[in-house]
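Quick notes on the structure that follows.
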Amino acid sequence: MKSLAHHPKLQKLIGGGPLERLWLSSISRVQIFLLNRHKDPQTVRLVRQVRRQRRSLLTAYEAYTVFSCGKAYAHLAGAMAEVGVYEGGSARLLCEVKGDAELHLFDTFEGLPRGTTHDRSVHRVNQYPCSLESVQGYLKDYPNVHFHQGLFPDSAQDLEKKTYSFVHLDVDLYESTLAGLEYFYPLLIPGGVILSHDYSLLVGVRKAFDEFLRDKRERPVELPSTQCMLIKLPAEG
Ligand SMILES: C[S@@+](CC[C@H](N)C(=O)[O-])C[C@H]1O[C@@H](n2cnc3c(N)ncnc32)[C@H](O)[C@@H]1O
């Protein structure tokens, strides 16, 4: 049986609508039940709470992975970032674990920009909009959170170059994913991670990773969800 990644028309039909929300909430309910069997109850409660408060495209397992990566990297030198914030669900999970680390959040806050032919018309322009004010309000209690509104990577132009320990990419599109990899990879600390949503699901996202890594030593670590991780190797020699 062909995976959903090979059915762009079906993805377009489901994406952003009630069917997508029904699918995500059903699968997440099962995942939360299973997480409750062997994970810290407080973390599972947080994942469930965030899912209730904000619309998110992450399943409970995917949200848990964002939380877990953030927690594992929070004590290291370097900032954290997310490109693709939407209503701030995944950003909230990072806020909960980042401590004093800087968190840079990039989004148009008007939804998706136009895709390219690599994206197979799966999404609509401005799909997944949420206002900057709404996300700022949601995350107002967390220190050191910086919002960068506009089209990435232009929105990063005025930000001084800094090192990053962990970056979450959740942008759905080929060009946005490639831009995220081009900007953050050189700034990652050795061992630092870029976690991306939708690598196994969206052809454009996978293509961006595969092209970007063609001349590099790293390979994506594909997770059982739709996510993949890029772990920066130390320089050779
Ligand atoms: C699927 S949503 C992100 C979901 C979010 N991480 C969550 O937990 O629910 C994708 C987001 O990527 C943003 N986006 C995609 N490409 C972008 C770009 N080049 N610049 C800024 N924002 C972008 C869209 O505005 C949208 O909010």
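Both backbone and side-chain heavy atoms feed into the values below; hydrogens, waters and symmetry mates do not. This chain uses plain numbering: 1 for the first residue, then up along the sequence. Whatever order the structure lists them in is the order used to number ligands and atoms, beginning at 1.
Around atom OH of Tyr142, more than 12 heavy atoms belonging to other residues, nucleotides or ligands sit under 6.0 Å away. Within a 6.0 Å radius of CG in Asp40, more than 12 heavy atoms belonging to other residues, nucleotides or ligands are found. For CG of Asp158, the number of neighbouring non-hydrogen atoms (other residues, nucleotides, ligands) closer than 6.0 Å is 12 at most. For Arg219, the CZ atom counts as densely surrounded, since its 6.0 Å shell holds more than 12 non-hydrogen atoms of other residues, nucleotides or ligands.
When all heavy atoms are compared, the tightest approach of Asp119 to Tyr174 is OD1-N, 2.8 Å. Summarising the geometry of Gly192 relative to Leu188, their closest heavy-atom pair is O-CD1, 3.7 Å, with the distance given to 0.1 Å. The shortest non-hydrogen separation linking His148 to Ser155 is CB-O, 3.9 Å.
Close N/O approach between Phe109 and ligand 1 is not found [any backbone or side-chain N/O within under 3.5 Å]. Between Ser90 and ligand 1, at least one pair of N/O atoms sits closer than 3.5 Å. Between Leu173 and ligand 1, no N or O atom pair is found at a separation short of 3.5 Å. Checked against a 3.5 angstrom limit, the closest N/O atoms of Ser176 and ligand 1 fall inside it. Checked by distance only, ligand 1 and Glu110 stay at 3.5 Å or farther apart across all their nitrogen or oxygen atoms. Not one N or O of Pro113 is nearer than 3.5 Å to an N or O of ligand 1, by distance alone. Residue Gln127 has no N or O atom closer than 3.5 Å to an N or O atom of ligand 1.
Here the CD atom belonging to Gln227 is positioned 4.5 Å from the CG atom belonging to Leu195, to the nearest 0.5 angstrom. Summarising the geometry, atom CZ belonging to Arg206 is positioned 10.5 Å from atom OG1 belonging to Thr226; distances are rounded to the nearest 0.5 Å. The CG atom of Leu233 sits 5.0 Å away from the CZ atom of Arg217 when rounded to the nearest 0.5 Å.
Listed by number with element, the atoms of ligand 1 under 4.0 angstrom from any heavy atom of Val171 are 12 (O), 15 (C), 16 (N). Using a 4.0 Å cut-off to heavy atoms of Asp170, the atoms of ligand 1 that qualify are 1 (C), 2 (S), 3 (C), 4 (C), 5 (C), 6 (N), 7 (C), 10 (C), 11 (C), 12 (O). For ligand 1, the atoms sitting less than 4.0 Å from at least one non-hydrogen atom of Leu57 are 1 (C), 9 (O), numbered in the order shown with element in parentheses. For ligand 1, the atoms sitting less than 4.0 Å from at least one non-hydrogen atom of Val85 are 5 (C), numbered in the order shown with element in parentheses. For ligand 1 and Gly150, the ligand atoms under 4.0 Å from any heavy atom of the residue are 20 (N), 21 (C). Heavy-atom proximity to Asp172, at under 4.0 Å, picks out these atoms of ligand 1: 1 (C). Atoms of ligand 1 found under 4.0 Å from any heavy atom of Ser56, numbered from 1 in the order shown, are 7 (C), 8 (O), 9 (O). Of all atoms in ligand 1, listed by their number and element, those nearer than 4.0 Å to a heavy atom of Tyr86 are 2 (S), 3 (C), 4 (C), 5 (C), 9 (O), 27 (O).
Proximity of the aromatic rings of Phe152 and Tyr183 is defined here by a centroid distance below 6.0 angstrom, and this criterion is met.
Asp107 OD2, 3.6 Å is the protein heavy atom nearest to atom 26 (C) of ligand 1. Residue, atom and distance of the protein heavy atom nearest to atom 22 (N) of ligand 1 are Thr108 N, 3.2 Å. Of all protein heavy atoms, the one closest to atom 12 (O) of ligand 1 is Gly84 CA, 3.4 Å. Protein heavy atom closest to atom 20 (N) of ligand 1, with residue, atom name and distance, is Phe152 N, 2.8 Å.
Both tests do not hold together for Arg214 against Phe212: distance to the six-membered ring centre under 6.0 Å, angle to the ring axis within 45°.
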